[in-house]
Peer 1: 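The structure that follows is given in the form of structure tokens.
All values below were derived from every heavy atom in this structure, side-chain atoms included, with hydrogens, water molecules and symmetry-related copies excluded. Bear in mind that the values here come from a model prediction, so they are computed numbers and not experimental data.
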Amino acid sequence: MTAPGRRRPTPGRRRPAALRRTERSGPGVPPGGHPVVGLAGALTQFALRFLTFLATVLLIALVLLRPEAAFLKAAITVTGLLALYGLRRAWRGVTARRRPY
């Protein structure tokens with residue numbers, strides 16, 4: 001039972017998340033509530049994921065086929081994967097959401 005003068009909440013009708021977030025954090029856009037670089041960032045992320053996938057497939061092929069100098073080729077591939085991982089971690093550190101205190 002609801003109090004007199006108050007409407008009962010309609011099932012399935014909630015306020016949008018952006019409005020709820022704004023009410024909690026005050027006026028304006030909350031920190032980190034918008035994309036950093038838009039389309040360029042999305043394409044870069046896609047390229048990083050695709051290169052990671054290709055390097056993983058190459059490593060699997062090196063293990064299965066065992067060509068000449070497979071160890072050297074695998075070492076170069078792993079170095080590339082670690083570089084991609086490091087770039088991804090660095091980007092996260094630069095663009096992390098920070099709360100103002």
Peer 1: If you link ILVMFWY side chains whenever their heavy atoms are less than 4.5 Å apart, which other residues fall into the same cluster as L54? By chain and number, please.
Peer 2: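 Besides L54, the cluster holds F50.
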Peer 1: Please write out which residues are connected to L65 in a hydrophobic cluster, directly or through intermediates, given that two of Ile, Leu, Val, Met, Phe, Trp, Tyr count as joined at side-chain heavy-atom separations below 4.5 angstrom.
Peer 2: none
Peer 1: Residues sharing F46's hydrophobic cluster, by side-chain heavy-atom contacts under 4.5 Å among ILVMFWY, directly or via others?
Peer 2: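 None, because no other hydrophobic side chain comes under 4.5 Å of this residue.
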Peer 1: Could you note down all residue pairs passing side chain to side chain donor-acceptor pair (under 3.5 Å) where residues 54-72 supplies at least one of them, sequence neighbours left out?
Peer 2: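 Side chain to side chain donor-acceptor pair (under 3.5 Å) check on residues 54-72 returns no pairs.
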Peer 1: Under 3.5 Å, sequence neighbours excluded: what are the donor-acceptor pairs made by side chains of residues 75-90?
Peer 2:
unit_1 : atom_1 : unit_2 : atom_2 : d
T77    : OG1    : K73    : O      : 2.9
T79    : OG1    : A75    : O      : 2.7
R88    : NH2    : T52    : OG1    : 3.2

Peer 1: Considering residues at least two apart in sequence or located in another chain, which fulfil the side chain to side chain contact (heavy atoms under 4.5 Å, CB included) criterion with A47?
Peer 2: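 Checked A47 against side chain to side chain contact (heavy atoms under 4.5 Å, CB included); zero matches.
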Peer 1: Looking only at heavy atoms, which two atoms of L62 and A70 are closest? And how far apart?
Peer 2: CD1-O, 4.3 Å
